[in-house]
Protein chains: 2
Amino acid sequence: MRRRLLNEAARVLSEGGPAALSARRLAKEAETSTMAVYTHFGSMPELVRALTREGFDRFLVRVEAVARNDDPVAELAELCGVYQAFARAERDVYAVLFGGSTLLGFTLTDEDRAMGVAVLRHPRDAIRRCIAAGRFRRDADPDLLVRQLFCQMHGLAQLDHVGYLVGAHGPDRVLAAMIHDFAVAAGDPAAAATRSVAAGLGRGDSPA
Amino acid sequence: MRRRLLNEAARVLSEGGPAALSARRLAKEAETSTMAVYTHFGSMPELVRALTREGFDRFLVRVEAVARNDDPVAELAELCGVYQAFARAERDVYAVLFGGSTLLGFTLTDEDRAMGVAVLRHPRDAIRRCIAAGRFRRDADPDLLVRQLFCQMHGLAQLDHVGYLVGAHGPDRVLAAMIHDFAVAAGDPAAAATRSVAAGLGRGDSPA
DNA sequence: GTCCGCTTCATAACAGCGTTACAGTGGGCT
DNA sequence: AGCCCACTGTAACGCTGTTATGAAGCGGAC
């Protein structure tokens, strides 16, 4: 029943948006009563918490699927592409994980956020390899840089979601430019950055 | 009454957060009945819309208060500082303006978003002056760059709000680094960028 | 002055929400 | 068999946004 409630919750959320997620709606979809929510989760916010944990897991799976290769800048670009692809594929879940969406009063705990921070290990390692490979400056600070990149990726994902990135330059164009400029500012030659970004974003699922 | 309801709404929102904003609570605070909301606004979402319009206005006032000076990169940095200061001063309003917060079912219309996009005119003009002054590359695209900067500013503001920017490097450090790297990638020499960012963020209200 | 019309507000109600108290109901273990 | 415990259906409480209804006040016309 627990599994079934979570599955229905994910389905209702993706099909009907955050407003459609209610205890009574869930009970109807799962062919049970609202009590099932309280025996298995305790409250609706706790059910949402379970949803976020699965969301973090799926996010981590995508990120870990990025293969290590001999061009760390391309690898970093691919990680960014995966980030955007996840944000688009699971808009409403992403909004809860990183966008501050409360969704029935649920708010992230420090422990929840730790799961999000844990994902940053991968881009930070990629940045370290960029430094080791001589692409980024030797005195660059991976911890600071990964935070900057995190802000850029989240800002892009959410502004796109909310509808602010319409017009001349779409989100894909902005994404490529941001990664390119990020690498250049970190020390990568412009031509090399252009090549690696194209290679990284071309690999795997396009965020489009 | 209309004014009074809006004032009380802004107060309740800032004091009690989004969850505290309800028609009955508003009616009690403004010493009237819930009907007042419907005669003056039609619905609660429409009242929220009125709140957002005032939010956009206050945002624009802050941005327009940034004085033009002979260092366009510093001016750009100051604009970024003002952006962060506004996001922190009016967290919940900002979350509705740019963060996709629904707040009683309200969602932005294209017209609403146009008010947000209008604010971007100022940083875009600053970027143009950076190009004209020879600080940024002559072939830089202001429209693309301002979108990149927008993403960075929003990502920083919201990740800070949600609580993801704790630890070694706080939001102020990340902000300075992002603007610096943004300028460097656009063509500004690192030393000049460092100086201008320090000057721009030092001016006016600190985002801290 | 008196009446009309219009705006505005108070009361009460409806449907929905999360949540809870209570009364089973079923299956597994002794 | 008997017992216990996890589970669930029903109904209710207090909250939400919203609406129907009626009353009150105000401004202008005659």
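Side chains are part of it too, since the values below use all heavy atoms of this structure and drop only hydrogens, waters and symmetry mates. Each chain gets a letter, A, B and so on, in the order the sequences are listed, and its residues count up from 1. Predicted, not measured: the structure shown is a model, and the values here were computed from it.
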## Note on the structure
Those residues at least two apart in sequence (or on a different chain) that pass salt bridge (charged side-chain N to carboxylate O under 4.0 Å, His left out) with A:Asp143 are A:Arg124
### Task
Please name the residue in the list B:Arg4, B:Arg3, B:Arg11 that meets the side-chain contact (heavy atoms from CB on, under 4.5 Å) test with B:Asn7.
B:Arg3
### C:dT7 phosphate, OP1 or OP2, under 4.0 Å from B:His40 side-chain N/O
no
#### Entry: Cationic N near anionic O, under 4.0 Å, B:Glu111 to B:Arg53
yes
### Message
For A:His169 and B:Asp141: C-alpha separation, side-chain torsions, deciding distance, then whether side chain to side chain contact (heavy atoms under 4.5 Å, CB included) applies.
### Response
CA-CA 10 Å; A:His169 305 291; B:Asp141 180 345; 3.0 Å; yes
### Task
Figure out the CE/P separation between A:Met1 and C:dG26, and round it to whole Å.
17 Å
### Query
Just how far, in rounded Å, is C1' of C:dA10 from CG of B:Leu5?
14 Å
### Task
Would you tell me if any nitrogen or oxygen in the side chain of A:Ser33 comes within less than 4.0 Å of OP1 or OP2 on D:dT10?
no
### B:Phe150-B:Phe98 aromatic ring centre distance below 6.0 Å
yes
### Query
Is the phosphate of C:dT8, meaning OP1 or OP2, less than 4.0 Å from a side-chain N or O of B:Thr39?
no
#### Entry: Test: B:Arg88 and B:Asp172 ion pair at under 4.0 Å
yes
Could you list, one pair per line, each protein nitrogen or oxygen that sits under 3.5 Å from a nitrogen or oxygen of nucleotides 14-22 of chain C, together with the distance?
unit_1, atom_1, unit_2, atom_2, d
C:dC17, OP1, A:Ser22, OG, 3.1
C:dG18, OP1, A:Ala23, N, 3.1
C:dG18, OP2, A:Ala23, N, 2.8
C:dG18, N7, A:Arg24, NH1, 2.6
C:dG18, O6, A:Arg24, NH2, 2.9
C:dT19, OP2, A:Tyr38, OH, 2.9
C:dT19, OP2, A:Met44, N, 2.8
C:dT19, O5', A:Tyr38, OH, 3.3

### Message
What is the separation between atom CZ on B:Arg2 and atom P on C:dT8, rounded to the nearest whole Å?
### Response
11 Å
### Query
Could you state the CG-C1' distance from B:Leu26 to D:dT18, rounded to the nearest angstrom?
15 Å
